[in-house]
Amino acid sequence: MDYVIEMLNIRKEFPGIVANDNINLQVKKGEIHALLGENGAGKSTLMNVLFGLYQPEKGEIRVRGEQANITDPNIANDLGIGMVHQHFMLVDTFTVTENIVLGSEPKRMGQVNLKRAEKEVQELSERYGLNVDPRAKIRDISVGMQQRVEILKTLYRGAEILILDEPTAVLTPQEIKELIDIMKSLVSEGKSIILITHKLKEIMEVCDRCTVIRKGQGIGTVEVSETNPTELASLMVGREVSFSTEKTPADPKETFLSIKDLRVKDVRGVEMVKGLNLNVRAGEIVGIAGVDGNGQSELIEAITGLRKTESGDIKLHEKAITNLTPRKVTQSGISHIPQDRHKFGLVLDFPVGENMVLQSYYNEPFSKNGVMNFKNIYKKANELIEEYDVRTPDAYTKARALSGGNQQKAIIGREVDRSPDLIIAAQPTRGLDVGAIEFIHKKLIEERDKGRAVLLLSFELEEIMNLSDRIAVMFDGQIVAEVKPEETNEQDLGLLMAGNSTSKAGGE
Amino acid sequence: MLFSNRMINILIPIISVVLGLLSGAIIMLVFGYNPIEGYAALWNGAFGDSYFLGETLRQVTPYILSGLAVAFALRTGLLNIGVEGQVFVGWLASVAVGISFDLPMIIHLPLAILAAALAGAFWGFIPGILKAKLGVHEVIVTIMMNYIALYISNDIVRNVLTDGEDRTAEIAPSASLASEWLASMTYFSRLHYGLIVALFMALVMWFVLNKTTRGFELRSVGFNQNASKYAGMSVGKNIVLAMVISGAFAGLAGAMEGLGTFGYMNVKSGFTNIGFDGIAVALLGANMALGVVLAAFLFGTLKIGALNMPTEAGVPTELVEIVIALIIFFVASSYIIRWAFLRFKKEGK
């Protein structure tokens, strides 16, 4: 067999944890090979071993049939292995070309020869259909473009094997399509790609073979053409996974949240929410569908007190909560699962336990007369960790050390546990694997069935369709239509989100 | 496992100190001095007899407080470069109260100490409120406030507290931290009760930051302002409060000099460096209360011990400044030591 990369019986330990145990990964030349696993299963660890960032305790790596001892990323580079990290490593104020040559600049008489570099970058870009402007500044180009710059960076350094770490997590649907084309053109030129992902759809669409890791163990490698998403999902989580969420019809009761003629400006002073009306009732999930940037973030920030409104009313149980402080909003019975869990949801340098009481630390039994009671805090934290299946070594571990899914489960545990009347869930499953998504969806439905109101914001139409009892389509700062999920489909929703109101959907 | 992370965190400052001392020894050798004699003189100068020990502890006292001031601000995400100026206003305020009243000691001394803390707090409040309300970076403002403090203090000493003199009158005995008991025990060094105040304040800092809800908020705001706002904390209020508390610690450091060591305030041509050294003390002490106390002890030892090096070993005091600078250098570049450690760990397997 003609393998370009073979990782055999790899074992990698961290203090108290075996991240990789006896994992095998064999990548053929010219294939797109998926590396599938839940958040925290050990995919990134394995790739960091291949890229020379970690040294394995046991096992063997062969590159093009020859045993390789990859002790640092430079050796990986020399062997033709390039990695595109999930978080880009680019200098914002530099041009595309400057970023690409950074560290291996072509020099002429001691000066960087940018002209030559620009030409080379242009050539590479055209050859693989990347369509990147070598002279654009990084800060001026889109996230999708930045990712291509990262890909170009590895190609410029002569990479034959590209590792892409969850490349689609940050992309729009259109950009994902383009990336898939790029990946196809790369393999047609003889490159090999290892695609780290937990999105089954993508694997089915582009990959040739797929290696599955579960909880640090290698589960095996399957031919994608001989499998289906259901099988992959159960291989990944180790049990049957249901894709469409089971739920009974909603039984909405009295109106909990009512928003009237709300207007909100963004940071730049541009009006983003333009006279919006919306009601959410007890016992129902209302999903806000819309293309990012149509005022959704501003709407949620306005409800939760993070942003001042210009005019209009927000009421919870007929009591005005407009422009209250975030603390007052929380106390009035609203929980908020924020869109950006790192920026808003957690203090990453605090232990998980302290993050669990981020809003309630000043209440008994977590503190008394201004003195914290850590015994009670950690008792509560351990209960939540248990109940919400937050996988962490212990409650004293910093939130930063947890995988995204477990961070999100911690936030959801904290927010739901307060027994709020209204739960605002903004992109609650962004970047999570199917197991975690299933868990979170189940929790939200459970809360609905307990008679709570849930306001869901998501850019994933599938999630909106699956979870909502009522869909409110947001476009240009207003709710332009309200539809029932069973009476619509993704195409119609897409049209509404683009601003075309149809006669079928009775808008407000 | 060979070393835990905790062990490494404790070992790094110790290794930095050792490396600093070793580099100092090499420099002494290069310039033709005997490093063993030099360090022996340093040791004798700091601990050689009870007088030197007393003086060392006397020097440690303001260092603890200025170190706590810097550390407290850093733990809440603020860089208080203005400790120096806050020391000045604290010193001035304590002496002003000390010379202006005639009260029973039980009222007078706490009043003078409190005045110093309030003055320092006020000096910290200004950059705090500017940052909270207008987003002005605290480093710029605190640097400027240092100069304002220096020259205003000089003017007040010369034109308000005296009539054109270069130093104020002695404070009333009822406002003095001086201790006959401690002085006589240490062969009439200037050691005073301030050391107890400083150690107590270290305890206060540990308690406030780690055990109170206020400390929880302060640390939270220091790490992540967005998440703190989301969680319902007032970011601005906590920034101001952090600077006020930090300034109060610094003001107390000034009181140690005004009410303890000197008993007066004089016109100064430049900074005392107590505040600036506090930055190094905080850094070496990893911004933790106990760490600050230990680091202040080291700095006090080096400062006082150095005075003996020219007389006993003929080594100039400047060399000790170099050693101190080298220690700070090694602490600041602790990631090199950390890296070496991890490397060593790996090879050891």
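Chain letters run A, B, ... following the sequence lines, proteins first and then strands; every chain starts at 1. Remember, predicted model here, so these are calculated numbers, not experimental data.
Counting heavy-atom pairs closer than 4.5 Å to chain B, the top-ranked of the candidates Gln359(A), Lys343(A), His336(A) is Lys343(A). Among Leu346(A), Thr304(A), Asp340(A), Thr325(A), the residue making the largest number of heavy-atom pairs under 4.5 Å with chain B is Leu346(A). When each of Ser360(A), Ser367(A), Gly370(A) is scored by its heavy-atom pairs under 4.5 Å with chain B, the top score falls to Gly370(A).
In Leu134(B), the CG atom is crowded: over 12 heavy atoms of neighbouring residues, nucleotides or ligands sit closer than 6.0 Å. No more than 12 heavy-atom neighbours from other residues, nucleotides or ligands sit within 6.0 angstrom of CZ on Phe122(B).
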Does the side-chain contact (heavy atoms from CB on, under 4.5 Å) test come out yes or no for Phe374(A) and Lys211(B), once each step is laid out?
CA-CA 8 Å; Phe374(A) 285 104; Lys211(B) 296 288 161 191; 4.2 Å; yes
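Taken to the nearest 0.5 Å, the NZ atom of Lys398(A) stands 6.0 Å off from the CZ atom of Phe223(B).
Inter-residue side-chain proximity for Phe366(A) and Thr213(B) is flagged as unmet; no heavy-atom pair is nearer than 4.5 Å. Annotation: side chain of Tyr362(A) is not in contact with side chain of Glu217(B) (no heavy-atom distance under 4.5 Å).
Proximity to chain B involves both the backbone and the side chain of Glu354(A), based on heavy atoms less than 4.5 angstrom apart. Heavy atoms of Gln225(B) lying under 4.5 Å from chain A are absent altogether.
Closest of all the heavy-atom pairs between Pro338(A) and Tyr230(B) is CD-OH, 3.6 Å. The shortest non-hydrogen separation linking Leu358(A) to Ala227(B) is CD2-O, 4.4 Å. Nearest heavy-atom pair, Pro326(A) versus Gly232(B), reported as atom, atom and distance to 0.1 Å: CB-CA, 4.1 Å.
In this structure, Tyr361(A) and Phe216(B) have tilted ring planes: the angle between them lies in the 30° to 60° band.
Between the Asn224(B) side chain and the His342(A) main chain, a donor and an acceptor come within less than 3.5 Å of each other.
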